[in-house]
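We count ligands from 1, going down the list as the structure has it; atoms in each ligand are counted the same way. Since the model is a prediction, treat every value here as computed from it, not as a measurement.
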Amino acid sequence: MSVGRAVARVNLDAITCNCERLRAELAEGVRLCAVVKADAYGHGAIESARAAVAGGATWLALASVAEARELVGEVEARLLVLGPLRLAEVEEAVLLDMDVVAWQEDLVAFAGELARDVGKAARVHVKLDTGMGRFGVRDPARASRVVAAAAAHPHVELVGVMTHFATADERGDAFFGEQLRRFAQWAGEIKRAHPHVLAHAANSAAVLRDPAAHFDMVRCGVAVYGMDPFGEDPLARDLEPALELSSYVAAVKRCGPGESTGYGRRFLAQAETHVGLLPIGYGDGWRRGLSNNGEVLVAGRRRPLVGTVSMDSVAVDLGPDPGVLELVDEPAVLVGRQGEERITAEDVARRLDTINYEITCGLTARVPRVHRSNAGMERLAGEG
Ligand SMILES: Cc1ncc(COP(=O)(O)O)c(C=O)c1O
């Protein structure tokens with residue numbers, strides 16, 4: 001397959017295996033909802049969703065109706081829209097049988113009326129804000145009133161009750177336990193009155209951290225893609241990174257003492273060396289904060305990134321050996337493995353003082369996603 005300047009190769013089998021690995025943490029009957037919002041954290045939504053379902057996910061979570069619409073008819077799973085909804089979105093969600101999150105009685109009533117008009121039932125999950133301080137209501141009594149409104153409406157199906165943790169990835173933090181206690185108490189009361197309701201709270205970190213947080217369903221994103229929710233080495237938790245980002249050495253040039261490469265002359269050669277130029281830059285999501293602050297694998301060795309990251313290119317120091325002039329056209333791995341060496345999204349995130357999520361979500365549409373699975377076939381995103 002011919003790819004251009006840079007490519008993100010996504011191993012769909014890794015996504016399937018990571019889902020199986022997460023399910024192994026869960027008690028019998030606990031459902032796995034794979035979070036595939038933001039184009040599956042940059043991995044390609046449709047292909048990743050199918051791979052997650054192959055690994056046992058029965059639910060898929062998206063941020064908006066627009067994201068969920070992309071998956072309708074493409075994959076066999078319940079679609080849960082996590083985000084806040086505009087009224088026009090509620091209508092489409094009801095028509096397309098999506099599950100929605102609500103925390104306002106009037107939204108539940110509106111969804112119910114719409115559903116009645118089209119002969120359906122609106123599927124609703126009520127959100128309690130146990131401490132994240134984002135969407136959902138903080139007062140359990142108010143949340144219970146929303147639950148009661150949903151349960152009472154003939155065209156609303158009360159499907160779930162949920163919350164979201166603020167600090168599950170900060171091990172040792174006591175607030176996680178506090179949120180868990182608040183949710184368990186409220187969800188317990190709700191389930192006594194409505195035993196069929198699915199309680200769900202856990203993200204990837206909570207799944208790996210505390211079985212008491214699993215309830216009836218877990219919502220995992222980052223770990224599905226083989227990234228570590230605690231920002232550590234994913235392999236240590238048996239997670240397999242699914243995405244590899246690579247480019248190639250498009251040119252090699254001699255750089256004598258005092259000569260520079262890139263904007264602002266931020267790299268000045270101290271001694272004779274060669275710079276390799278890779279056609280990937282911040283226009284692809286390889287951030288400018290990696291200027292003079294990163295590594296790339298070329299010919300099985302780690303090479304330092306030098307100079308300022310441009311929109312379309314970046315330079316690496318290949319050293320003084322003139323033999324490196326032969327490295328033109330060699331693959332360059334920015335995230336992934338080459339020989340014995342490995343660079344993870346977590347490594348890149350640490351350099352940028354951010355989280356692994358942002359590294360893969362930040363890859364722009366200019367980087368083609370190529371998906372591969374066990375048949376060994378590669379397919380460019382959007383191809384058949
Ligand atoms: C409401 C909600 N649930 C679950 C997740 C998945 O979290 P993670 O990717 O940490 O597993 C997210 C992600 O942001 C979320 O917003």
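Using a 3.5 Å distance cut-off with no hydrogens or angles, the side chains of Asp13 and Thr16 do not pair a donor with an acceptor.
Protein heavy atom nearest atom 10 (O) of ligand 1, with residue, atom name and distance: Tyr357 OH, 2.5 Å. The protein heavy-atom contact nearest to atom 14 (O) of ligand 1 is Lys37 NZ, 2.8 Å. When hydrogens are left out, the protein atom nearest atom 11 (O) of ligand 1 is Ser204 OG, 2.5 Å; that is the closest non-hydrogen contact. In terms of protein heavy-atom proximity, atom 7 (O) of ligand 1 is nearest to Asn203 CB, 3.4 Å. Closest protein heavy atom to atom 2 (C) of ligand 1: His164 CE1, 3.3 Å.
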>> Working note: Met98 + Leu85, criterion side chain to side chain contact (heavy atoms under 4.5 Å, CB included); need CA distance, chi angles, decisive distance, verdict.
In response: CA-CA 12 Å; Met98 296 168 185; Leu85 296 168; over 6 Å; no
> Do Glu113 and His153 pass the side chain to side chain donor-acceptor pair (under 3.5 Å) test, and can you show the C-alpha distance, the side-chain angles, and the key distance before you say yes or no?
Replying inline: CA-CA 9 Å; Glu113 297 317 297; His153 197 296; 2.9 Å; yes
>> side chain to side chain contact (heavy atoms under 4.5 Å, CB included) for Glu358 and Arg287? Distances and angles first, verdict last.
In response: CA-CA 11 Å; Glu358 208 184 11; Arg287 302 237 311 261; 3.5 Å; yes
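Ring centroid separation for the pair His125 and Trp59 comes in under the 6.0 Å cut-off.
Glu240 has no carboxylate O lying under 4.0 Å from a charged side-chain N of Arg21, or vice versa, which leaves the two without a salt bridge.
Of the heavy atoms in Arg219, both backbone and side-chain atoms come closer than 4.0 Å to ligand 1.
Close approach of ligand 1 to Tyr41 (heavy-atom distance below 4.0 Å) involves ligand atoms 6 (C), 7 (O), 8 (P), 9 (O), 13 (C).
Between Gly221 and ligand 1, at least one pair of N/O atoms sits closer than 3.5 Å. Checked by distance only, ligand 1 and Val222 come closer than 3.5 Å through their nitrogen or oxygen atoms.
Under a 4.0 Å heavy-atom criterion, Cys220 is in contact with ligand 1. Residue contacts with ligand 1 include Arg134, since one of its heavy atoms falls under 4.0 Å from the ligand.
By the neighbour-count criterion of 12 heavy atoms within 6.0 Å, atom CZ of Arg288 is sparsely surrounded, having that number or fewer from other residues, nucleotides or ligands.
Using bins of under 30°, 30° to 60° and over 60° for the plane-to-plane angle, the ring pair His196/His194 lands in the perpendicular bin.
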